Amino acid sequence: MSLKRLHRKLRSTEFEGNEFDPISAFEAQDVPQQSLVIPKERFTEPQENYAHKIKEVYARNSKLGQALKTLNNYQLQAVFSEDRKVLLSAMVGSGKTTVLTHKILYLHFIKAIPLSEMVVLTFTNKAAREIRERILSFYEESEGIQSEDLRYFGTFHSVARQLIKEHPQLSELGFTPSFSIMDKEAKEEFLLRLIHTHELDVKYHNKLDQRLKLYRNEKQILYANMKNEDDLPQLLEISRKEKQANNLMDFDDLISIVNWLLKQECSLEAKWVIVDEFQDCNPEQVQLLNYLSVKDSSFFAVGDPNQSIYAWRGSTEQIFESYITDTSCRMMRLPLNYRSSGQLLSAAACLLNDERNDLQATRTAGNKLRLVNHFDDNQEAFYYASQFKSLHSSGTAWEQIAILFRTRQQINLFESIFSKEDIPFEVISKSSLKDYPALFWLKKVLLAGLQANDMDSILSVFTSSDFGCLKNGKALLNAYNKFSNEKTFNSKLEAFTEFLKFKYPKETTHIKLANSLLDFQDQLLKTSRQFDLYGYLNLDEVLKPISVHYTENVCQVKQAIQELDLYIQKQSFGNNIEAYQAAMGQVSLEGHFQINTGIKKSQEGVRLLTIHAAKGLEFDHVFLSGANTGLIPLNRKKAGPNHLQEEKRLLFVALTRAKNNMEIAWHSQSSAWNAEEGPSYFLNAIPSTLIDRIENTKPEITIKKFEDPQESNDSPWKKGMKIRHPKYGEGTVISSTDKEILCEFGKFGEKSFAPQWATLKKL
DNA sequence: TAGCTAGCAGTTTTT
DNA sequence: CTGCTAGCTA
């Protein structure tokens with residue numbers, strides 16, 4: 001049944017009953033309208049029967065022809081379209097990646113466009129990898145596709161990196177093609193080092209990135225409770241210069257530099273520019289698309305304005321709008337959803353608030369959306385524990401169960417309760433290289449070796465608190481400058497090595513390391529693709545066998561080097577140094593060393609993740625936790641004009657993750673400071689006939705609170721007891737519960753402590 | 001130099 | 001509501 005018909009049917013029964021409805025009790029006008037609507041007449045609908053076209057394809061490439069037979073007419077229309085400029089509005093769960101890959105395959109095998117003349121842009125490495133793998137699976141083993149053919153298949157940033165490397169005018173900006181990329185952490189460290197070495201007075205050290213952005217965009221220097229301007233402008237100036245001097249770029253630089261270069265001279269004439277998740281493009285990325293789309297090139301973009309949840313990161317809805325008014329652009333749509341069962345999909349579609357959106361279900365009606373009222377998050381977690389156990393014993397795989405949260409903070413409580421209740425779980429979120437000190441250090445070592453003038457990396461290697469030998473600071477730099485000023489060296493690395501030998505002759509291990517790094521590039525040129533990096537750098541010794549984490553570190557480093565070797569062996573062009581540079585670039589762009597297959601998510605367990613992290617995923621059972629007003633939409637003091645709309649799309653994304661079962665939880669007494677009473681008012685838009693409401697606020701369950709092990713004993717703090725606190729001195733216990741100890745300290749007055757943290761002493 | 005206080009900012013995350 | 005911290009005060 002089409003959603004429209006279902007809606008009409010629902011509307012007729014919607015307001016029949018007069019019972020109190022906690023959802024409809026909220027004002028309907030509070031629900032913001034979905035902003036972007038593409039007029040239906042703007043879409044070109046599929047007319048033809050594509051059977052004969054599939055036959056033609058089948059005759060030329062049977063594998064592709066076979067694959068096309070499984071597509072619907074909307075999808076085929078997009079694949080076969082001859083238009084030079086197409087924007088495909090793909091509804092949630094409508095198979096957009098399938099269309100994208102089949103379009104590429106069709107262009108390649110039938111229209112004879114070389115893969116190397118297509119630019120295929122995605123936002124995540126995962127998406128890029130998936131597309132690449134799907135393409136490669138269409139090649140026979142013998143045909144041996146070159147990695148160079150897919151040179152322009154990748155994320156915006158990796159393609160930008162490739163284009164910058166190849167551009168003839170790069171040196172005009174003071175960079176060389178072997179530049180390295182700083183991730184967020186590396187940039188923070190870099191900026192802090194600049195402040196340190198240049199003795200700048202810059203406030204709010206851990207908000208540097210934010211402050212620099214504010215200064216660059218709005219020339220704002222004052223921040224929070226600052227009354228006087230600090231040295232922020234100088235920091236920006238110095239960081240620009242130092243980035244050039246050390247051949248470093250950050251993620252934003254990649255896009256803005258490639259735009260600058262392409263503006264000077266378009267170095268790539270792509271036949272096709274193909275974009276995934278088009279709705280997430282920010283203005284600079286659109287600019288890049290424009291620079292790439294010259295004369296003879298064609299454009300094919302796929303996106304869903306209803307799933308735009310990254311406007312806070314700079315994506316703008318106006319992108320879609322400008323394409324609506326662009327008459328040279330053909331618009332098509334994919335309305336058929338293959339993921340969710342009918343009633344869940346119609347409930348989610350109500351959030352779109354748009355009659356013309358015509359999201360169509362292809363599956364049976366299935367279960368209703370469940371809305372459960374828990375007393376608080378504690379009770380909710382214990383409720384899940386028992387629910388999940390029975391789901392699992394009746395055959396549901398743990399991985400098919402997911403709990404979605406608005407904020408990461410909400411996840412903590414569930415982690416501790418699930419580990420206590422023996423529910424296997426995994427928190428899905430990207431870990432940073434900084435969480436693995438050995439790998440973080442290894443990256444710096446390789447960067448220093450490959451880039452002998454990258455003083456930033458050199459210093460990081462030798463002043464690392466775990467694996468270095470020197471203490472970072474002004475004294476070190478002064479000594480080094482004094483030493484190096486007197487002589488001339490081929491590189492900063494050579495200067496530093498000599499400095500080490502002269503000033504710290506006892507640090508033999510690190511002098512050896514420095515020498516190895518100095519000779520690294522020559523060694524690479526002399527050897528084949530196979531190179532024993534671990535042995536060459538003598539890492540066994542540098543990783544410090546006396547350290548408690550030694551075996552762990554060695555294991556991580558060896559695995560990382562194995563990944564590098566694999567990547568380098570796949571690299572068909574360039575010399576060994578270039579292959580290593582490519583590999584390290586990939587490590588920076590991905591944020592980890594698993595650059596071949598990506599991070600494997602093999603662990604068995606219930607998935608705990610934020611709604612943002614869930615985009616693109618699907619599960620059998622989805623639970624949305626803590627969906628009170630105030631959390632969804634999240635209360636903000638400084639809300640942008642489109643904040644509420646984006647929050648609503650976020651709820652839409654959450655609801656459309658479920659294949660068969662969706663349950664929304666809200667709390668009578670939420671522990672979140674910003675939560676308000678009642679379930680998210682966005683849910684008003686969903687008619688009561690599509691929702692099953694369930695109460696789970698019985699008092700006997702609320703007693704079953706989560707307790708820390710230390711708390712279980714009777715409180716040792718009794719009323720009237722004399723105690724001593726390290727800061728407030730002597731005092732008296734006024735009251736003591738398992739939650740807090742209240743004490744009186746004369747001139748300090750009353751103070752309360754959490755029992756498990758209190759640093760109180762009995763007197 | 002330590003301690004106090006006012007004032008603001010806080011989600012979400014990929015590259 | 002919390003946490004952070006610049007800038008003030010003793």
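What you see below is based on every heavy atom in this structure, not just the backbone, and it leaves out hydrogens, waters and symmetry mates. Chain identifiers are assigned alphabetically (A, B, ...) following the order of the sequence lines, protein sequences preceding nucleic acid strands; residue numbering begins at 1 within each chain. Please read all numbers here as calculations on a predicted model, not as lab measurements.
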Test of understanding: with side-chain contact (heavy atoms from CB on, under 4.5 Å), list the residues that count as partners of A:Glu618, not counting sequence neighbours. A:Arg339, A:Lys659

For B:dG10, take OP1 and OP2 only and decide whether either is under 4.0 Å from a side-chain N or O of A:Gln210. yes

A:Gln279 CD to B:dT14 C1': how many Å, rounded? 14 Å

Can you pull out every salt bridge (charged side-chain N to carboxylate O under 4.0 Å, His left out) where at least one residue sits in residues 427-437 of chain A? Sequence neighbours excluded, please. A:Glu189-A:Lys434

Partner residues of A:His167 under the ring pair (Phe, Tyr, Trp, His ring centres under 6.0 Å) criterion, sequence neighbours left out: none

Pair A:Tyr204-A:Gln210, side-chain hydrogen bond (donor to acceptor under 3.5 Å, both in side chains): steps then yes or no: CA-CA 10 Å; A:Tyr204 286 97; A:Gln210 217 173 114; over 6 Å; no

The answer to which of A:Arg406 and A:Leu589 contacts DNA chain B further toward the 5' end, by nearest nucleotide, is A:Arg406

Given atom CD1 of A:Ile611 and atom P of B:dT13, what is their separation to the nearest angstrom? 10 Å

Within the 4.0 Å heavy-atom criterion, would you say A:Arg408 contacts the bases, only the backbone, or no part of the nucleic acid? sugar-phosphate

Measure the distance from CG on A:Asp209 to C1' on B:dT13 and round it to the nearest whole Å. 13 Å

P spacing across the pair B:dT13 / C:dT2, given as an integer number of angstrom: 24 Å

Side-chain N or O of A:Lys430 closer than 4.0 Å to phosphate OP1/OP2 of B:dT15: yes

Mind checking what makes ring pair (Phe, Tyr, Trp, His ring centres under 6.0 Å) contact with A:His157, not counting sequence neighbours? A:Phe251

Using nucleotides 5-7 of chain C, report all nitrogen or oxygen pairs with the protein that are shorter than 3.5 Å.
{"residue": "C:dT5", "atom": "OP1", "partner": "A:Asn206", "partner atom": "OD1", "Å": "2.9"}
{"residue": "C:dT5", "atom": "OP1", "partner": "A:Asn206", "partner atom": "ND2", "Å": "3.2"}
{"residue": "C:dT5", "atom": "O2", "partner": "A:Asn225", "partner atom": "ND2", "Å": "3.1"}
{"residue": "C:dA6", "atom": "OP1", "partner": "A:Tyr204", "partner atom": "N", "Å": "3.0"}
{"residue": "C:dG7", "atom": "OP1", "partner": "A:Lys227", "partner atom": "N", "Å": "2.6"}
{"residue": "C:dG7", "atom": "OP1", "partner": "A:Asn228", "partner atom": "N", "Å": "3.0"}

note: A:Lys187, atom NZ; B:dT13, atom P; distance rounded to Å ~ 20 Å

Rounding to a whole Å, what distance do you find between A:Leu624:CG and B:dT12:C1'? 14 Å

B:dT15 phosphate, OP1 or OP2: any side-chain N/O from A:Ser158 under 4.0 angstrom? no

Regarding A:Arg134 and A:Glu130, does a basic nitrogen lie under 4.0 Å from an acidic carboxylate oxygen? yes

Salt-bridge contact A:Arg193-A:Glu242 (side-chain N to carboxylate O under 4.0 Å): no

Those residues of residues 118-131 of chain A lying under 4.0 Å from DNA chain B by at least one heavy atom: A:Phe123, A:Thr124, A:Asn125

With sequence neighbours left out, write down each residue that passes ring pair (Phe, Tyr, Trp, His ring centres under 6.0 Å) with A:Phe153, or none if nothing qualifies. none

May I have the distance from A:Leu404 (atom CG) to B:dT12 (atom P), rounded to whole angstrom? 14 Å

Let me spell it out: for each of A:Ile428 and A:Lys207, pick the nucleotide of DNA chain B with the closest heavy atom. Which residue's pick is nearer the 5' end? A:Lys207

Starting at CD1 of A:Ile632 and ending at P of B:dT12, how long is that distance when rounded to a whole Å? 13 Å

Determine the contact category for A:Leu634: base if any of its heavy atoms lies under 4.0 Å from a base atom, sugar-phosphate if only primed atoms, P, OP1 or OP2 are that close, otherwise nothing. base

Run the side-chain contact (heavy atoms from CB on, under 4.5 Å) test against A:Asp304 and tell me which residues pass, sequence neighbours left out. A:Val92, A:Asn306, A:Gln307

Just to verify, what does A:Asp231 make a side-chain contact (heavy atoms from CB on, under 4.5 Å) with, not counting sequence neighbours? A:Leu200, A:Asp201, A:Val202, A:Gln234

Report the distance from atom CD of A:Gln409 to atom C1' of B:dA9, rounded to the nearest whole Å. 14 Å

Return yes if the base of B:dT12 and the side-chain atoms of A:Trp312 contain a donor-acceptor N/O pair under 3.5 Å, otherwise no. yes

